[in-house]
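Below: one structure, written as structure tokens.
Numbering of ligands and ligand atoms starts at 1, following listing order.
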Amino acid sequence: MALPPIAILGAGPSGLTLARLLCLSSIPYTIFEREETAHARDYQGGTLDLHHATGQAALKEAGLFDRFKDLSRWDATTMIANKEGRVLVSLAPEGDEDARPEIDRKELRRLLLDSIPAESVRWASRVKEVTKELDRTMSVHLENGKVEAGFRLVVGADGACSKARSLVTSATLKYSGMHYLTSSIPTTSPHYRNVKALIGNGNYLALGSGKGIVAQRMGDGSYTANACLHLPEHWKTETNYMANPSKLRTWLLHDCFADWAKVNTDLIKHSEAGFRTWILYGLSEEDVHWEHVPGVTLVGDAAHVTPPSGEGVNAAMYDSLSLARLIIQHGIDNLDLAVTEYEKALFPRAVEHIKAGKMDELLFGDDAPYVWLRTVGIDVDGQEKRSGGEKVKMSEIELLGS
Ligand SMILES: Cc1cc2nc3c(=O)[nH]c(=O)nc-3n(C[C@H](O)[C@H](O)[C@H](O)COP(=O)(O)OP(=O)(O)OC[C@H]3O[C@@H](n4cnc5c(N)ncnc54)[C@H](O)[C@@H]3O)c2cc1C
């Protein structure tokens, strides 16, 4: 069977959004995804908030917005507390444009996957390398030894460790210094009622002394519980904590968060499952500009990964919206023109995205959360004034004054 002209590496939010939009215009493509099946990592990943002008816009153009509305939580409030457990501000959406509805990562994947033909995704296809051939076509080399050749365009939508990135830039990932250790509080937990009363349908971020305890409501009613810590890059392999969740929990409570309020540490104490680590990497501003290389481009985290800033999935889906529009506009015989125009618009957007990712340094700085709150325009000089958890419109929050 003839191969389609476009290969998409990765069935994450960016790859699947691009696939859906191309599919609507009958432009053929194949996705190569390393995971074994669509549900291989359902147990992973928390919730993602989709923004009006980016993530939601992509879903609208993809014809999936109504279904998204059913699957997402529109009343999610984000509370910022200090390590003493006092809620300083409560970020509440007001109106549709301000709203940042939350959707479980696995539900977003399911929504997108259900909208494209099942046979367009090649599961268990971990990409090892992408090469350019003498006839200018692109080949995708898989870890299992297979080589798929003859593509006119390879789109790297394969996240932070993209196998397509080295074709366009020598940029390498920088470790941010942060690990998130994620566990879960199920609905059956004896502590569940307290967590629900504290967090409701939204998110709770307790920040201070360069650390954080973050909890998020999931679609099934459970809560994720995250310990956010500055740790050595190879902490996971240099210690044996991950193999022993109860030892890890004790270490977190007694060594890392010993002087934190009970309302915060209870979120770790009453978490039940094992932990998953997120080791956070980023690219720098200089990395998100390259000379156009015909036959290959990047979208999403592959192009501009940053530590979580609440923008990543939105930027990723918007990249795909932007690229799909140009491919559709110029047609399958002018892919190079489409990609050139896409990248011209991508680079300044990506720089802004990387700047927003630096929010991480403020969220987990020594004087957190106060420095961050001031930076985004919330005056917390009179900390007592905010002790009631004053409500602030989402639109008042402008990351790093951007
Ligand atoms: C802990 C954490 C919390 C976050 N919270 C938020 C949030 O609240 N809001 C937000 O907007 N963003 C958030 N982000 C960022 C967001 O998850 C990413 O920006 C977004 O997922 C990027 O989408 P993507 O499709 O570009 O890449 P990914 O989501 O990384 O998808 C890449 C896909 O490619 C596949 N893949 C990888 N390598 C290969 C390979 N070699 N061969 C084949 N397939 C491969 C992967 O399995 C995956 O399916 C968070 C990130 C982290 C780590």
Side-chain angles (χ1 to χ4, degrees), residues 7-19 30-42 44-51 54-56 58 76 78 100-106 108-109 112-113 121-130 140-144 146 148 154-166 176 178-182 202-203 205 212 214 216 218 224 226-228 275-283 298-320 323 350 353-354 356-357 359-360 363 399:
I8 300 172
L9 313 187
S14 61
L16 290 174
T17 300
L18 178 62
T30 289
I31 301 180
F32 295 96
E33 167 57 51
R34 69 180 169 185
E35 290 172 12
E36 297 290 319
T37 67
H39 303 291
R41 294 205 192 196
D42 272 3
Q44 281 184 358
T47 149
L48 299 164
D49 57 314
L50 296 198
H51 305 174
T54 47
Q56 291 180 39
T78 296
R100 295 179 174 201
E102 298 275 354
I103 183 166
D104 290 9
R105 194 182 287 267
K106 71 172 183 190
L108 179 62
R109 170 178 263 191
L112 290 162
L113 265 180
V121 185
R122 302 259 298 263
W123 298 100
S125 298
R126 182 186 282 269
V127 176
K128 184 176 166 197
E129 191 188 8
V130 178
V140 175
H141 303 250
L142 303 180
E143 288 283 359
N144 63 15
K146 286 189 187 154
E148 299 291 2
V154 171
V155 181
D158 48 344
C161 302
S162 173
K163 297 298 179 191
R165 190 185 294 125
S166 62
S176 72
M178 290 296 298
H179 276 50
Y180 289 4
L181 309 176
T182 305
N203 308 306
L205 286 80
V214 174
Q216 295 186 304
M218 299 295 293
T224 62
N226 301 270
C228 309
F275 287 82
R276 136 130 234 223
T277 36
W278 298 88
I279 307 169
L280 304 178
Y281 290 88
L283 291 167
L298 307 176
V299 292
D301 276 9
H304 45 60
V305 63
T306 69
S309 65
E311 299 287 335
V313 77
N314 292 286
M317 292 171 74
Y318 189 80
D319 288 350
S320 293
L323 178 59
H353 179 63
I354 303 253
M359 179 176 87
D360 200 58
L363 286 179
L399 299 178

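Considering both main-chain and side-chain atoms, G312 comes within under 3.5 Å of ligand 1 through a nitrogen or oxygen pair. Looking at ligand 1, you'll find an N or O of P13 within less than 3.5 Å of one of its N or O atoms. When only interatomic distances are considered, the shortest N/O to N/O separation between D301 and ligand 1 falls below 3.5 Å. Of the polar atoms of R126, none of the N or O atoms is found under 3.5 Å from an N or O of ligand 1, judged by distance alone. Close N/O approach between K163 and ligand 1 is not found [any backbone or side-chain N/O within under 3.5 Å]. In terms of N/O distances under 3.5 Å, ligand 1 is approached by V127.
Every residue two or more places apart in sequence or in another chain was checked for a salt bridge (charged side-chain N to carboxylate O under 4.0 Å, His left out) with D360, and none qualifies. Checked against side-chain hydrogen bond (donor to acceptor under 3.5 Å, both in side chains), S320 has no partners two or more places apart in sequence or in another chain.
Looking only at distances, a side-chain donor or acceptor of E33 sits under 3.5 Å from a matching main-chain atom of A11. A donor-acceptor pair under 3.5 Å is absent between the side-chain atoms of R105 and the main chain of P13, judged by distance alone. Here the side chain of S176 pairs a donor or acceptor atom with the backbone of L280 at under 3.5 angstrom. Checking side-chain atoms of N226 against main-chain N and O of L205 turns up no donor-acceptor pair under 3.5 Å.
Contacts of A11 with ligand 1, taken as heavy-atom pairs under 4.0 Å, involve the backbone alone. Residue Q216 does not touch ligand 1, judged by heavy-atom distances below 4.0 Å. The proximity of C161 to ligand 1, defined as any non-hydrogen pair under 4.0 Å, does not occur for either the backbone or the side chain. If you look at N226 next to ligand 1, there are no close heavy atoms at all, none under 4.0 Å. Contacts between K128 and ligand 1, counted as non-hydrogen atom pairs separated by less than 4.0 Å, are absent for every part of the residue.
Q216 CD to T182 OG1: the interatomic distance, rounded to the nearest 0.5 Å, is 8.5 Å. Taking NE2 from H141 and NZ from K163, the interatomic distance works out to 13.0 Å, rounded to the nearest 0.5 Å. Rounded to the nearest 0.5 angstrom, H51 NE2 and R100 CZ are separated by 4.0 Å.
Between D319 and H353 the shortest side-chain heavy-atom distance does not fall below 4.5 Å.
Comparing V305, D49, V313, D319 by heavy-atom distance to atom 12 (N) of ligand 1, the nearest is V313. Proximity annotation for atom 1 (C) of ligand 1: of F32, W278, Y281, W278 comes nearest, heavy atoms only. Of the candidates S309, P308, G10, P307, the one placing a heavy atom closest to atom 51 (C) of ligand 1 is P308.
Residue N314 places a heavy atom less than 4.0 Å from ligand 1. Not a single heavy atom of E143 lies less than 4.0 angstrom from ligand 1. Within the 4.0 Å heavy-atom shell around ligand 1 one finds R105.
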